[in-house]
Amino acid sequence: MDTLHAPQDPLLAGLNPEQLTAVTWPAKSALVLAGAGSGKTRVLTTRIAWLLQTGQVAPSGLLAVTFTNKAAREMQTRLASLVPVNVRTMWIGTFHGLCNRFLRTHWRDAGLPQTFQILDSADQQSAIKRLLKALEVSDEKFPPKAVQSFINGQKEAGVRADALSAHDPYTKKLIELYAAYDAQCRREGVADFAELLLRSYEVLAANRALAEHYRARFRHILVDEFQDTNRLQYAWLKLLAGTNNALFAVGDDDQSIYAFRGAEVGNMRALMHDYSVAAPIRLEQNYRSAGNILNAANAVIEQNDGRLGKNLWTDAGEGEELRLYEAYSDGEEAEFIVDEVRALKREGLSLADIAILYRSNAQSRILEHVLVQAGLPYRIYGGLRFFERQEIKHALAYLRLMVNPDDDNALLRVVNVPARGIGARTVEGLLAASREQGVTLWQAACGTGPGNKKLGAFVLLIDKLRERADGLTLAEAISLAIDESGLRAMYEEDKKDGEERLANLDELINAAAGFFPDDPGNALVEFLTAAALEAGEHQAEAGQEALQLMTVHAAKGLEFDAVFVSGLEEGLFPHENSLADNKGLQEERRLMYVAMTRARQRLYLSCAQQRMLHGRSSYPIRSRFVDEVPAELVKVLSARAKPAPQNQRAPWLDAAPSRGDREAASRRSADASGWRIGQSVEHAKFGLGVVINAEGAGDDIRLQINFAEHGVKWLDLRYAKLTPA
DNA sequence: CCGATCTTTATTTTT
DNA sequence: TAAAGATCGG
């Protein structure tokens, strides 16, 4: 044993002492507090390899869970390069992927059809909309989104509708809808994302023998990004770990940025308590960023409380100072960034190693605008993914109907696509019939028999597709569905974007040709499942020489030589919607921490004094996070003399002007234009009123006016015709 | 059933 | 601003 532990073992060579401790941790539970860039993935995969190599566990005795398919794939690839195992047979995957695998095996215990299909968020929402209609519930009082988040929230807490109760009628209704939604899913043979987890959990919880079987099997359970787990995921892990197995969790509480979708950082402390983990193993040596960047990030995150505590360090030297640029406007900020990118490129950096980060997607617009003008290639992460495109969804809907015609979502999606004369009234009738008879739309459609020729033809089409697909390869079957359904013809007619859609459909056929199912007899079901669970990367392949643009969230886990963190303004970053309580602010600060720790060599922070927001100019103040960075780590770049400096802002080292000052400044500029608060005015349309507020500067000024007859309105002086009264 | 027009609203997002 | 949703008219 000892020789295997020794660092001369090539597997363990090059690990630092803490990494070595984590990798060779005995067969008991542990919490690894892995800072950004501390070699987290390496530790995880090396530990698995070490466990296998030392014969402590067989490949089948190990369960490794991640959040994203990308992370799971990376783990598999790296593991395969370390030890000769067939990673495909191992239980390495996402929570959802593994639960799906479990449910496909134990579908009877789970009370699911063997070919159950998975609803993605959009599918789930349309299922809920349909339900609200069927139950004649006003979607104004109960917005589908709100119902959806209630249902998912409850499922993620492990709670079924029948376990809920409420006194207020609103919650009562929500619970009712939750129950009805689950009944609808059962009827149609579908499961949403949260259902995969909850159902797996329930099957294990209810079936002692089964749980014992898996507990006896998975002696080692390893979890990546543990700070992102929700309550149900942790409960599921606990169920599998029991009291004997080793739960080895890796995470970083400072990088917990998904509380808004149910992540519970508290699971980290809970794990330490539940599994008597005395102290986390801290990986604090950072192999990514220069010292100044780490010190700056440390200083920012230190402002949070309740941390498990961690201080990143590096032996790579201080590196450059951070750079701060305060622009006059969002446009000028973008120009500054583009100029710097050009300079970095001249210095020999690859565009692919430079990232521009922002808090919200809308900010990419102006950056794109300037980048296009500059002729710099860029790539934006986010947006529509392959399997979310409408033409792909349509094609998949036909395939889903072939597998399971009771999938009402799928039927409604394509029953009249392409148009085949089954309009709203026919569908209404079908919905009514299914409601009355308590059957699915398909069953109702079959029931009408020859009563409705058009519906009959649709039923026939699906039946025919199913029959003819038998014996075909996956790609052939999909091709058949696209042709015979009329989808191809429909997009051939479509002049606008038919060409692109056809190309995507061909891409779908290609994907099918390259898809290798575990059970070839079940290829279509497996393909549909994969399409739902792996909706496609956010086009994450690096490769081509292009500047990387993305939200801070999307940047988690990535690294770049140079990083621009843009839009560092109060209200934007931290976002105003998160300022209500300290929890929200602290999550924003973690987001800032994530953003900063993406940079290897150079980190730019930038903000603007004027920004277009929702179609108006806003005049935000610099983000508090900028001021949390120690001044000595920052080089302040002076604004290029471009627009006439209005009120020259205080130098960065001075105290930031308060909101009050800024408002005063705005008012002054309103005064300068000849209007003042309290003044009576007349408007051609709204009549008499009084100026009650003002904002803006220069020739971009808005006045808030209380009109005698039309109430309070904001008017833009550029357009509104006002006369003193 | 489609397109034009209006109204409303405005983080972050994986599975 | 600008995108999505609702509404209306043909």
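We use all heavy atoms of the structure for the numbers below, so side chains are in, but hydrogens, waters and symmetry mates are not. Sequence lines set the chain letters: A, B, ... in the order given, protein chains first and strands last, and positions in each chain run from 1.
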A/R359 CZ to B/dA10 P, straight-line distance once rounded to whole Å: 15 Å
Between A/R622 and A/E628, is there a side-chain N and carboxylate O pair less than 4.0 Å apart? no
As a test of understanding, state which of A/R130, A/Q117, A/Q124 forms a side-chain hydrogen bond (donor to acceptor under 3.5 Å, both in side chains) with A/N409. A/R130
Partners of A/E156 by side chain to side chain contact (heavy atoms under 4.5 Å, CB included), sequence neighbours excluded? A/N152, A/N230
Base of B/dT14 paired with side chain of A/S121 (donor-acceptor, under 3.5 Å): no
Considering every strand and a 4.0 Å limit on heavy-atom distances, what is the contact class for A/Y258: base, sugar-phosphate, or nothing? sugar-phosphate
Taking NZ from A/K70 and C1' from B/dT14, how many angstroms apart are they, rounded to a whole number? 13 Å
Does this structure show an ion pair linking A/K583 with A/E587, if we count only N-O contacts that are shorter than 4.0 Å? no
Spacing of the P atoms in C/dG5 and B/dT12 (rounded, Å): 15 Å
May I ask you to verify if any side-chain N or O of A/R365 is less than 4.0 angstrom from the OP1 or OP2 atom of C/dA2? yes
So A/E588, base contact, sugar-phosphate only, or nothing? Heavy-atom distance under 4.0 Å. base
Please give, in whole Å, the distance from B/dT12 C1' to A/L585 CG? 15 Å
Atom-pair distance (CG on A/L572; P on B/dA10), nearest Å: 16 Å
What is the distance, rounded to the nearest whole Å, between atom CD of A/E156 and atom P of B/dT15? 14 Å
How many Å lie between OH on A/Y381 and P on B/dT11, as a whole number? 23 Å
Minimum-distance nucleotide (side-chain atoms of A/T94 versus B/dT15, B/dT11, B/dT12): B/dT15
Using 4.0 Å as the upper bound for N to carboxylate O, is an ion pair formed by A/K556 and A/D228? yes
B/dT11: syn or anti, with syn meaning chi within 90° of zero? syn
Given atom CD1 of A/I257 and atom P of B/dT12, what is their separation to the nearest angstrom? 13 Å
Look at A/R101 together with A/D518 and state whether they make a salt bridge at an N to O cut-off of under 4.0 Å. no
Under 4.0 Å from OP1 or OP2 of B/dT13: is there any side-chain N or O of A/N361 that close? yes
Quick one: A/D192 CG to B/dT13 P, roughly how many Å, whole number? 21 Å
Separation of the C1' atoms in B/dT14 and C/dA3, to the nearest angstrom: 23 Å
Just N and O in the side chain of A/R385: are any of them under 4.0 Å from OP1 or OP2 of B/dT15? yes
Looking only at side-chain atoms of A/F260, point me to the closest of B/dT11, B/dT14, B/dT13. B/dT13
Could you say whether A/G615 or A/T551 is positioned toward the 5' end of DNA chain B, judged by the nucleotide with the nearest heavy atom to each? A/G615
Report yes if the ring of A/H96 lies under 5.5 Å from the six-membered base ring of B/dT15 with planes under 30°, and no otherwise. no
